[in-house]
Number of protein chains: 2
Amino acid sequence: MSVPDHPETASGTEESGRKIPPASLARLPIYLRALNAMLADSVERVSSEELAEAAGVKSAMLRKDLSYLGSFGTRGVGYDVQFVSQKISALLGLSQEWRVAIVGAGNLGRALARYSGFASRGFEVVAVFDADERIVGTRIGWLTVSNADNLEFELERTQTNMAVLAVPAAVAQQLCDRLVAAGVTSILSFAPVVLQVPPHVQVRKVDMGTELQILAYHAQRAQETESGSRARSAQ
Amino acid sequence: MSVPDHPETASGTEESGRKIPPASLARLPIYLRALNAMLADSVERVSSEELAEAAGVKSAMLRKDLSYLGSFGTRGVGYDVQFVSQKISALLGLSQEWRVAIVGAGNLGRALARYSGFASRGFEVVAVFDADERIVGTRIGWLTVSNADNLEFELERTQTNMAVLAVPAAVAQQLCDRLVAAGVTSILSFAPVVLQVPPHVQVRKVDMGTELQILAYHAQRAQETESGSRARSAQ
DNA sequence: CATTGTGAATGGGTTCACAGCG
DNA sequence: CGCTGTGAACCCATTCACAATG
């Protein structure tokens with residue numbers, strides 16, 4: 001918490017203007033987590049080798065990733081944990097609170113609404129919607145489930161700027177369209193469908209079904225090669 | 001156990017020996033979903049253009065992806081929906097039932113255990129574990145939450161061959177290690193940590209926190225450019 | 001003759017290896 | 001001297017464009 005502004009600027013290394021390659025961007029949250037864990041352990045300095053190890057990547061890759069956000073780090077020594085953490089936080093836009101609406105209060109939606117990991121990382125759940133009248137009005141923690149009919153009104157009222165879609169596939173596109181029309185430009189979707197959105201809207205997808213199927217592919221191949229003797233490797 | 005063999009083979013194009021590029025593999029489940037949706041609508045043939053559109057990719061890419069699993073498809077005509085669907089299913093190993101254990105019966109674990117999308121795609125949830133004695137013994141649908149102490153025994157008894165980790169970050173690695181020691185080689189993790197596993201174990205990660213942070217980055221950039229006038233683009 | 005399947009071209013991402021520097 | 005920062009090499013993924021073909 002606290003999220004102070006970076007004190008010393010004009011160090012010659014304000015590289016914020018550059019655009020980060022997507023693959024690199026996707027790893028920054030991982031680095032950030034590792035750095036924050038180190039901070040919690042009062043670790044002050046870290047080498048690219050150590051941090052890369054913690055993040056499960058090669059050290060050269062870590063260094064290249066960090067180099068996109070500027071060149072801090074001291075040759076012969078390593079990186080200042082707190083400083084790099086702040087740099088990444090700032091770059092990701094975590095210095096501001098993001099106001100998240102969860103659309104769909106079924107099993108998954110309710111679980112997400114209660115998930116404490118949101119708040120702790122600068123994402124506040126400010127609204128939960130559902131279309132089922134048996135669910136509308138029920139409480140989830142300190143939130144009350146709103147009627148999806150009032151989606152536009154409530155998004156405006158709560159100043160939502162990010163949405164999580166946790167609705168059945170059949171209605172996902174339609175609700176996505178309403179979110180977009182209401183001005184939401186960042187959507188995290190759990191619905192197993194390909195959403196069509198205009199180019200200025202960012203959609204990220206989380207899909208358990210897809211992930212399990214990918215696992216199944218590898219598992220099947222493993223079976224085939226070592227066929228017969230199932231793993232039973234319990235020492 | 002059952003594990004049926006895939007019935008029709010020897011169609012001349014048994015390319016199953018090739019190994020599919022990871023990026024391509026990750027898209028096959030998307031294609032499969034689109035194809036199955038078409039099947040449900042009694043669509044019999046589809047062109048690469050149409051299927052690519054439905055999957056949100058370029059048609060050339062779709063054709064290249066499909067070419068890795070062999071060369072079905074009729075020039076001048078397109079692909080047979082059912083045939084391609086079956087080919088992808090077989091390749092992904094969906095002709096066998098996968099027996100999934102969910103480790104962690106907190107909000108997320110319970111939501112996943114109840115998620116019907118599992119069963120409908122060939123993944124059967126056969127066990128749910130938790131360490132909290134207030135949760136152990138409670139029922140989720142037709143399953144009873146098992147004590148995590150009995151993890152190894154229950155995995156063996158239920159013939160589990162895939163696990164979903166839905167536990168707090170602090171205990172994820174430790175439970176992962178136990179899963180691996182018990183012979184589980186496919187793990188889908190929702191825990192926000194980098195898991196260390198031996199090379200023969202496949203881990204896929206789903207991480208809302210990371211996804212939201214990536215969205216925040218883009219949202220922040222959008223704000224900066226069109227600064228001042230917030231989106232208020234409501235129709 | 002519309003559409004697939006695929007070489008060739010292009011573009012990113014990752015790794016290597018070392019120059020640069022505290 | 002050790003570790004960062006980075007050009008160059010390598011490798012994989014995507015796109016292009018067209019020859020092959022039912």
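A, B, ... follow the sequence lines: proteins, then strands. Residue 1 opens every chain. Just so you know, these numbers come straight off a predicted model, no measurement behind them. All values below were derived from every heavy atom in this structure, side-chain atoms included, with hydrogens, water molecules and symmetry-related copies excluded.
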- [ ] Can you sort out the partners of A:Glu211 under side chain to side chain donor-acceptor pair (under 3.5 Å), two or more places apart, ordered by chain and number?
- [x] B:Arg204
TODO: Could you pick out which residue, A:Arg75 or B:Val46, lies toward the 5' side of DNA chain C when each is mapped onto its nearest nucleotide?
DONE: B:Val46
Open item on the list: Applying side-chain contact (heavy atoms from CB on, under 4.5 Å), can you list everything that pairs with B:Pro22, at least two apart in sequence or on another chain?
Closed with: none
Open item on the list: I need the minimum non-hydrogen distance between A:Thr210 and B:Ala26, along with the two atoms involved.
Closed with: CG2-O, 4.0 Å
- [ ] Could you list the residues that satisfy salt bridge (charged side-chain N to carboxylate O under 4.0 Å, His left out) with A:Arg178, not counting sequence neighbours?
- [x] A:Glu152
Task: Contacting residues from residues 22-31 of chain A, given that a heavy atom lies under 4.0 angstrom of DNA chain C - done: A:Pro22, A:Ala23, A:Arg27
Task: Non-neighbouring partners of A:Asp207 that pass salt bridge (charged side-chain N to carboxylate O under 4.0 Å, His left out), sequence neighbours left out - done: B:Arg33
TODO: Could you check A:Met61 against A:Thr74 and say which one's nearest nucleotide on DNA chain C is further toward the 5' end?
DONE: A:Met61
Open item on the list: Reading DNA chain C in the 5' to 3' direction, which nucleotide is the first one with an atom under 4.0 Å from a heavy atom of chain B, and which is the last?
Closed with: C:dA2 to C:dA8
Result block: side-chain N/O donor-acceptor pairs under 3.5 angstrom for residues 35-46 of chain B, not counting sequence neighbours:
residue : atom : partner : partner atom : Å
B:Asn36 : OD1  : B:Ser85 : OG           : 2.8

- [ ] Taking heavy atoms of chain A and a 4.0 Å limit, find me the 5'-most and 3'-most nucleotide of DNA chain D within that range.
- [x] D:dG2 to D:dA8
Task: All side chain to side chain donor-acceptor pair (under 3.5 Å) counterparts of A:Glu49, not counting sequence neighbours - done: A:Ser59
Task: side-chain contact (heavy atoms from CB on, under 4.5 Å) against B:Ala111, all qualifying residues, sequence neighbours excluded - done: A:Asn107, A:Ala111
Open item on the list: Please enumerate all residues that pass salt bridge (charged side-chain N to carboxylate O under 4.0 Å, His left out) together with B:Arg63, with sequence neighbours excluded.
Closed with: none
Task: With B:Tyr115 via ring-ring contact (aromatic ring centres under 6.0 Å, His included) - residues at least two apart - done: B:Phe118
